[in-house]
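Below is one structure, written out as structure tokens, with a few remarks after it.
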Amino acid sequence: MSGLELALVLGTIAGLADLVGGGLVAGRRRWDRTFLQYFLAIGAGFMLAVAFLRMVPESLEKGAHTYLYVLIGYFTVHLSEHTLTPHFHFGEEVHAEALIHPAVGYLGLAGLGIHTFFDGVAIASGFLVSRPLGFVLFGAVLLHKLPEGFAVGSLMLASGGSRRTALLASALLGLATIVGVLSMAAFTAVVGEALALSAGVTIYVAASDLIPEVNKERSWGVALAVFGGLLLYYVAESVLEAAGIHVH
Ligand SMILES: [Zn+2]
Ligand SMILES: [Zn+2]
């Protein structure tokens, strides 16, 4: 299996995790909110470690103007999720008063769709550089997919959408990730730049979307789980190294 084929399989799994997150909202069973907060916290730690210790260094080797692309990636998410979009944040949507118009839900979906597209770009760029990098980036994406699907599902419900709309929205997010993977087939020549862009996206999602949600939680365990994410990253790298697979 080629790197891109493997990226497509794992990108599809990551996309399905969006759907599972949306299903948690649409199914409205008694889910444990704290459980999702832990995912979010571990995801944030893991993603920051991957971005700073792997994505940026790899991109410096493979591409030009790395830090410029990191900056562009970072502000692309700020623009799409928080500037063009009137109201979006991770976690459960509880601000019905901020969502008078259903358009708020759809704009949130579009903004988040740009980010999930880059989730796919990240996985594919990783596999285009090396398999271990691809697996680590897949882990970074997968760890925040459940809260991501959950966030968009609850945003749709809170802005007046039906459960079906909520589920459909999370499916579209997953699809954007798959499209992101596929699009990298045309950009294999600029994988270093794509990696830098996705690093900027990853840093935004982790530090500016996820960490603020972690900080809202009063739980000491959730705050500590961010360090659990760093530890998980270290374990993942060690396992890959023990298996004789070096990233460099
Ligand atoms: Zn809100
Ligand atoms: Zn994502």
Side-chain angles (χ1 to χ4, degrees), residues 7 10-22 25 33 36 39-48 50-51 55 73-74 76-78 80-82 85-126 136-161 166 169-181 197-213 216-217 229:
L10 296 179
T12 305
I13 293 173
L16 285 173
D18 271 328
L19 193 57
V20 172
V25 177
R33 214 175 63 86
L36 279 171
F39 257 98
L40 209 133
I42 291 171
F46 194 94
M47 288 166 82
L48 284 173
V50 171
M55 300 175 91
Y74 184 95
T76 299
V77 188
H78 185 73
S80 62
E81 277 185 9
H82 300 279
T85 310
H87 184 88
F88 172 76
H89 53 85
F90 265 79
E92 190 180 13
E93 187 48 72
V94 286
H95 311 111
E97 74 282 359
L99 305 162
I100 317 142
H101 205 275
V104 175
Y106 290 105
L107 285 169
L109 171 64
L112 193 59
I114 291 176
H115 143 195
T116 60
F117 172 83
F118 276 101
D119 286 342
V121 170
I123 294 174
S125 322
V136 168
L137 290 184
F138 166 66
V141 168
L142 192 65
L143 275 172
H144 77 272
K145 276 295 189 195
L146 275 188
E148 185 177 282
F150 186 91
V152 85
S154 77
L155 180 70
M156 297 317 275
L157 284 186
S159 59
S170 62
L172 282 173
L173 277 194
L175 198 64
T177 300
I178 298 170
V179 173
V181 172
L197 268 177
S198 341
V201 170
T202 304
I203 291 167
Y204 192 93
V205 173
S208 305
D209 273 338
L210 302 186
I211 293 277
E213 290 301 313
K216 272 184 210 161
E217 202 71 15

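One-based numbering, in listed order, for ligands and for the atoms of each. Values below: every heavy atom of this structure, side chains too, minus hydrogens, waters and symmetry copies.
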Original post:
Of the options Ile178, Val179, Val181, Leu112, which is the one that meets Phe117 in a side chain to side chain contact (heavy atoms under 4.5 Å, CB included)?
Top reply: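 When side chain to side chain contact (heavy atoms under 4.5 Å, CB included) is applied between Phe117 and each of Ile178, Val179, Val181, Leu112, only Val179 qualifies.
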**OP:** Check all N, O or S atoms of Glu93 and name the one closest to the Zn ion (ligand 1).
**Re:**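 Within Glu93, restricted to N, O or S, the Zn ion (ligand 1) is closest to atom OE2.
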Subject >> His95, N/O/S atom nearest the Zn ion (ligand 1) >> reply: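 Going by distance to the Zn ion (ligand 1), the closest N, O or S atom in His95 is ND1.
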Original post:
To the nearest 10 degrees, how large is the angle at the Zn ion (ligand 2) between Asp119 OD2 and His115 NE2?
Top reply: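 That angle is 110°.
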Original post:
Taking the Zn ion (ligand 2) as the vertex, what is the angle from NE2 of His144 to OE1 of Glu148, given to 10 degrees?
Top reply: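 Between NE2 of His144 and OE1 of Glu148, the angle at the Zn ion (ligand 2) is about 100°.
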**OP:** For the residue pair Leu36 and Glu92, establish whether any side-chain heavy-atom pair is separated by less than 4.5 Å.
**Re:**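 A side-chain contact is absent here, since even the closest heavy-atom pair is not under 4.5 Å.
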Original post:
Does the side chain of Leu210 reach to within under 4.5 Å of the side chain of Val205, using non-hydrogen atoms?
Top reply: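 Leu210 vs Val205: side chains touch.
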Original post:
Hey, what's the angle at the Zn ion (ligand 1) spanning NE2 (His87) and NE2 (His89), nearest 10 degrees?
Top reply: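 It rounds to 110°.
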Subject >> Stepwise side chain to side chain contact (heavy atoms under 4.5 Å, CB included) test for Asp119 and Lys145 >> reply: CA-CA 9 Å; Asp119 286 342; Lys145 276 295 189 195; 3.0 Å; yes
**OP:** Would you check if the side chain of His115 reaches a backbone N or O of Gly111 as a donor-acceptor pair within less than 3.5 Å?
**Re:**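 Not confirmed, His115 side chain does not pair with Gly111 backbone.
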